[in-house]
Amino acid sequence: MWITFIDLYTMTQVLLDEKKLWKAVLAEMEVNFSGTNYNVWLSNTRAQNLTENTLDVVCPNSFARERVEKLFRPFLEESVSKITRRKIDLVFKVGSVETDNLQNKSKTKNDETPLFKKIESNEQNIVPASDFGLNITYTFENYLMGNTNRLAYAIASSIADNPGKLHNPFFLYAGVGLGKTHLIQAIGNKVLKDKPGLKILYCTGEQFTNELIEALQKGKSKGKYSSDQFRKKYRSADVLIIDDIQFIAGKEATQEEFFHTFNDLYMNQKQIVLASDRNPEEFKNIEERLTSRFKSGIMADIQSPDYELRTAILRHKRDKNKDNIQNEVLDFIAENITTNIRELEGAYNQVLTYSKATGEILNVATAKTALGNIVQDKRSKPVNLNTILKAVCNYYSITQTEIKGKRRNKEVVIPRQIAMFLIYDLTETPYLSIGEFLGGRDHTTIMHGVSKIETEMKNDTKMKQDVLNIKQFIYQN
Ligand code: ADP
Ligand code: MG
């Protein structure tokens with residue numbers, strides 16, 4: 001049964017302001033829609049500019065605006081029209097949303113659970129983001145959404161509003177430089193701001209491992225930081241965010257500890273967010289009981305940014321920094337730097353620095369020269385065959401002996417052929433020598449491997465992304 005609040009208002013017949021009006025509309029929606037739909041999409045909206053026949057509905061970001069409009073427009077319009085007793089068209093907008101509604105939220109019955117108890121924010125309670133390992137600039141406001149990260153963004157933002165409730169665990173995977181760290185830290189930053197009493201813990205898989213090793217060692221020698229303290233620290237988190245979780249591959253003690261941490265938090269409905277450079281399906285040397293848990297909540301990936309998103313990110317950066325760069329220069333950068341967002345930002349900085357350093361006017365021609373340098377730098381940087389082999393082995397968690405060996409199972413053959421391809425592509429070593437380097441293989445085998453990967457990269461975006469990721473590791477080191 002649809003419940004209406006109209007009587008309340010027909011009785012009072014007061015002239016409504018937007019705040020009261022919206023409060024009544026939201027109350028009606030809250031009763032008529034599921035808690036999840038209401039909390040995710042509507043509780044963060046506000047209304048402004050009530051005119052004779054229109055009202056603006058302000059949503060926190062463009063994705064929310066799209067969803068709210070699509071899912072709720074007729075219901076909201078009906079409710080507003082009933083309450084105001086005239087026909088009102090809603091105009092959906094993006095803008096900052098006051099915390100008014102958030103406070104209302106804490107009065108809903110869901111928020112009675114311990115995790116959602118209203119947290120009084122007072123000055124002492126506010127801990128700086130950096131204390132949680134968070135970069136304060138990694139916020140949702142600075143994160144642009146496009147076709148390639150839409151789902152990941154939507155999940156992350158609903159988690160930030162309702163940690164521990166809707167999507168647990170959240171497993172995010174994508175290649176390097178595509179925005180994993182930024183997005184998962186945005187969750188941390190938002191929770192910290194909206195619910196300052198919750199304990200957020202952000203670390204990388206590597207930090208988790210190192211800290212555990214330290215705790216175990218100190219524990220043995222009766223040092224200060226014992227494994228009990230380690231456990232207490234991680235298991236007391238309300239939101240645990242672990243970046244680059246793939247690092248725990250092959251590390252048994254870490255996996256064992258992480259398994260228990262995970263279970264403990266999960267049982268207590270604490271939010272777990274994990275990011276990785278690959279899908280759990282592709283993990284080697286991570287126990288099945290862990291990968292199955294990674295997959296048990298919600299997963300999303302981020303693809304390489306398309307042209308629209310690349311342009312939008314550059315324009316946002318330009319506007320935020322108030323840099324003097326014309327759109328056509330930004331478009332030129334977006335057209336040419338297609339790999340990932342980190343490289344895109346690097347190119348932007350390079351173009352700007354080049355023009356400042358040379359005093360040349362910044363136009364497409366100057367940008368071309370500046371970017372030419374980036375490409376040339378990379379290409380001319382000599383790469384050694386062992387570096388390539390090491391990067392491939394690390395990426396696929398296999399050993400050099402396996403790559404150079406004789407086994408022909410899929411897990412080894414693909415990395416082996418990728419090694420062939422990368423060595424050929426990046427070093428122009430002759431097939432014969434590549435064959436010798438990779439365990440005494442015939443040059444025709446190498447030719448076949450190289451051309452197979454070339455073809456697959458054209459037809460299979462996953463293969464293309466894997467090869468790009470490995471290349472980045474090679475040039476980072
Ligand atoms: P990853 O962790 O996947 O390697 P990062 O999160 O470190 O990638 O992102 C690399 C850079 O690109 C960071 O400076 C980040 O702020 C920026 N970035 C990534 N995705 C976006 C986005 N969608 N909008 C704006 N900036 C982004
Ligand atoms: Mg990262």
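Atoms within each ligand, like the ligands themselves, are counted from 1 in listed order.
- Y395 carries R278 over the face of its six-membered ring, with the cationic atom under 6.0 Å from the centre and within 45° of the normal.
- Heavy atoms of other residues, nucleotides or ligands lying less than 6.0 angstrom from NZ of K404 number more than 12.
- Side chains of Y396 and I470 form a contact here, defined as non-hydrogen atoms less than 4.5 Å apart.
- Residues passing the ring pair (Phe, Tyr, Trp, His ring centres under 6.0 Å) test with Y138 are H182, sequence neighbours excluded.
- Listed as neighbours of ligand 1 are Y138, N142, Y143, L144, N149, G175, V176, G177, L178, G179, K180, T181, H182, I313, I341, R342, E345, each bearing a heavy atom under 4.0 Å from the ligand.
- The distance between the ring centers of Y153 and F140 falls below 6.0 angstrom.
- Annotation: cation-pi pair R293/Y266 absent, no NZ/CZ under 6.0 Å from the ring centroid and within 45° of its normal.
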